[in-house]
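Here's the structure we're looking at; comments come further down.
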Amino acid sequence: MRNYADRKAILLCVAAILIFVSPLFLLGDHAHIRVHDNLDSNLAWYKVLAASGQMFGGVHAVIPQIIGGLPRDALGTEWTLIVWLHAWFPTMTAYAISQLLTRLIAFLGMYLLLRTHIIRNMKAHWIAALVSLAFALTPFWPSGMLSTMGHPLALWAFLSIRSQKANWKHWTAITLLPLYASFVLGFFFFLALMGIIWLVDLLRYRRLNLLFLASIIWMTAVFLATDYRLVYTMIAGSETMHRVEFVSSRQDFAQTLRLFWKNFTLGHNHVMTLHTFVILPVLVIALIVVLFNRGRTRPMNIYLGLTGLNLLLSFWYALWFNKIWRLPKEHIDLLSAFNFARFHFLRPLVIYVSFGLACYLLWQLGKRSIRVFVYACLCLQLVILALSNEEIIYGLYQHTPSVEAFYAVDQFKEIRDYIGKPQDTYKVASIGLHPAIAQYNGFYTVDTYNNIIPLSYKHQFREVIAGELAKSKNLTRYFDEWGSRLYIFSAELGKHYDFRKDTGRSIQNLDLNAEALRELGGAYILSSIWIENVADNDLHYERSFHHPDSAWKVHLYRVQP
């Protein structure tokens, strides 16, 4: 009977996941999905990489289509499934498959973790199932894949290895996860936490547990082997990358406390948990119950530990941007180039395990009214997560362009045909729309958005927009102290990148260094904003391109020789 109940819960949750991702399969290019760090970057990178012939390029290889030679290593390792999905399938098919795989594995991992190590009471299987479903529906960063969503499956495996109860399934899990996750965007911090647990066991219980230590080392080694390009860039790379100029520590302690509270209550864009309105109150109620309970059980002590870790992770995130770090970051390149604040990427795991444990502790009180309250909270959280579906958020609420309208393939084909030259014989720059759109459509670009950019090229590109940066302190700080977006900025537009065809904006006084643009190979500018003073910038207006299926009205300007 219990097995049947478990299977029924699992099947219903899997069905819910299938329904949740179904718009991606049904709508395809007409679907609406996240733009930031998704359409404006990663999805275009996968397409460029697949078309470049450099999938297995050496560590010194470059991608000529981007900035005349973006290091191949900037587009990540070839030993990850998401790269191959985008090589095998059209963009939205690959995206939909990736979403489905990630959410199914996230559900499986959280369910195994809760049922094996946290909520062992068979009668509470619906709590485990619904919490696991909630975790699987969170709006994770798409290109992160299992970087955070795979943490429960990894923790299930490591805890089993730690307790000497592991089998081949647990070792298989920690061996295969690196093929669909990022080390620096999630698992570096997870494995650091596992290392801390092993060290605490050693110091507190005098338990060496070599098998647990070996499993941590093994997964770390697989990650490093998989992402060998990153290892090479950090250790043996001969060219200095732009990340050494990152400046992130400016806040005083009052600002740190405000950022801590914001992160703790609202979360972060890349690891959205949507825990504010339902989960957080439940966590507080459970905490009060635990604190006023004299005979604390093991689950209660675990809950207290998770609560402390949750607070610590948010505080560490905020503290990383405090000015106390400014001097160390100026003298140690690793501290400026690597974002150690991302320990907070562990919070989705911590929050949802805490939520499951909190629901279970309240459920254990046995009162019918409390159990109804618990299940009501679980269902309400699922409603919130269902309403966070990308088609609802970006299509119905934010009205962002569909994938088809964003990349505007037919319109950019018209532009390519109008120019009438092989795309590898000239370069373009974009104003008012992301360079990723031109890159997706096969254009060679002088501008880009990437995590790894040669510092020398960043300085060359700065000369093109120096006049505009001089007009705006915010843009100057944004470019000089971060600079991953090498965009043709306009002080009149500010930090806005996508002006659609219904915009009424124009640029009155653009100040570009046309000679610097020509030196980078720039021959054309694709602008979604009308430029008034083209002659002042050595530009010649060619024509404007309209298309009913595009989000943009693109004005084509030729850079005068």
Side-chain angles (χ1 to χ4, degrees), residues 40-41 43-55 57 61-72 74-75 91 404-450 453-454 457 460-461 463-465 486-488 501 507 510 512-531 534-561:
D40 69 352
S41 48
L43 297 190
W45 298 348
Y46 300 137
K47 191 172 189 296
V48 168
L49 179 59
S52 69
Q54 292 296 330
M55 186 80 81
V62 297
I63 307 295
Q65 187 182 337
I66 302 177
I67 65 174
L70 181 75
R72 164 64 186 85
L75 298 187
T91 295
E404 178 187 47
F406 185 87
Y407 284 129
V409 172
D410 291 337
Q411 183 182 30
F412 275 73
K413 182 179 182 297
E414 291 178 10
I415 298 172
R416 182 196 68 197
D417 293 344
Y418 175 84
I419 294 174
K421 295 183 288 188
Q423 287 179 300
D424 61 354
T425 63
Y426 61 92
K427 297 186 181 73
V428 303
S430 299
I431 297 177
L433 68 168
H434 298 280
I437 299 171
Q439 292 167 1
Y440 187 90
N441 287 286
F443 287 90
Y444 285 56
T445 67
V446 299
D447 47 355
T448 194
Y449 171 28
N450 284 100
I453 299 169
Y457 188 88
Q460 282 182 279
F461 188 87
E463 296 178 15
V464 178
I465 58 173
L486 299 190
Y487 282 23
I488 302 291
K501 57 187 176 185
I507 301 176
L510 185 65
L512 298 183
N513 184 335
E515 181 58 34
L517 182 57
R518 282 190 289 266
E519 288 179 3
L520 294 179
Y524 294 93
I525 285 181
L526 310 172
S527 178
S528 64
I529 303 288
W530 180 259
I531 302 172
V534 291
D536 297 339
N537 292 278
D538 285 352
L539 301 178
H540 178 268
Y541 169 68
E542 292 286 330
R543 61 165 283 192
S544 298
F545 294 83
H546 310 258
H547 196 281
D549 296 328
S550 169
W552 325 106
K553 178 181 180 181
V554 180
H555 309 287
L556 177 66
Y557 298 92
R558 177 166 46 85
V559 180
Q560 299 279 35

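For the pair Tyr449 (side chain) and Tyr487 (backbone), a donor-acceptor distance under 3.5 Å is absent. Using a distance-only test at 3.5 Å, with no hydrogens or angles considered, a donor-acceptor pair links the side chain of Lys47 to the main chain of Tyr440. In this structure a side-chain-to-backbone donor-acceptor pair under 3.5 Å is missing from Tyr418 to Phe545. Between the side chain of Ser528 and the backbone N or O of Gly432 there is at least one donor-acceptor pair closer than 3.5 Å. Put simply, the side chain of Asp549 never gets that close to the backbone of Asp410: no donor and acceptor are under 3.5 Å apart. Not a single donor-acceptor pair under 3.5 Å links the side chain of Gln439 to the backbone N or O of Val48. One N or O on the side chain of Lys501 and one on the backbone of Ser550 form a donor-acceptor pair closer than 3.5 Å. Under the 3.5 Å distance criterion, the side-chain polar atoms of Asp447 are matched with a main-chain donor or acceptor of Ser430. Formation of a donor-acceptor pair under 3.5 Å by the Glu542 side chain with backbone atoms of Ile419 is not found in this model. The backbone N or O of Leu520 sits nowhere less than 3.5 Å from a side-chain atom of Gln460 that would complete a donor-acceptor pair.
The aromatic rings of Tyr541 and His555 sit tilted, their planes meeting at an angle between 30° and 60°.
By the ring pair (Phe, Tyr, Trp, His ring centres under 6.0 Å) test, His547 is found to be paired with no residue, residues two or more places apart in sequence or in another chain being considered.
Geometric assessment of Arg416 against the ring of Phe412 yields a negative cation-pi assignment under the 6.0 Å and 45° thresholds.
Here the CG atom belonging to Leu556 is positioned 10.5 Å from the CG atom belonging to Leu539, to the nearest 0.5 angstrom.
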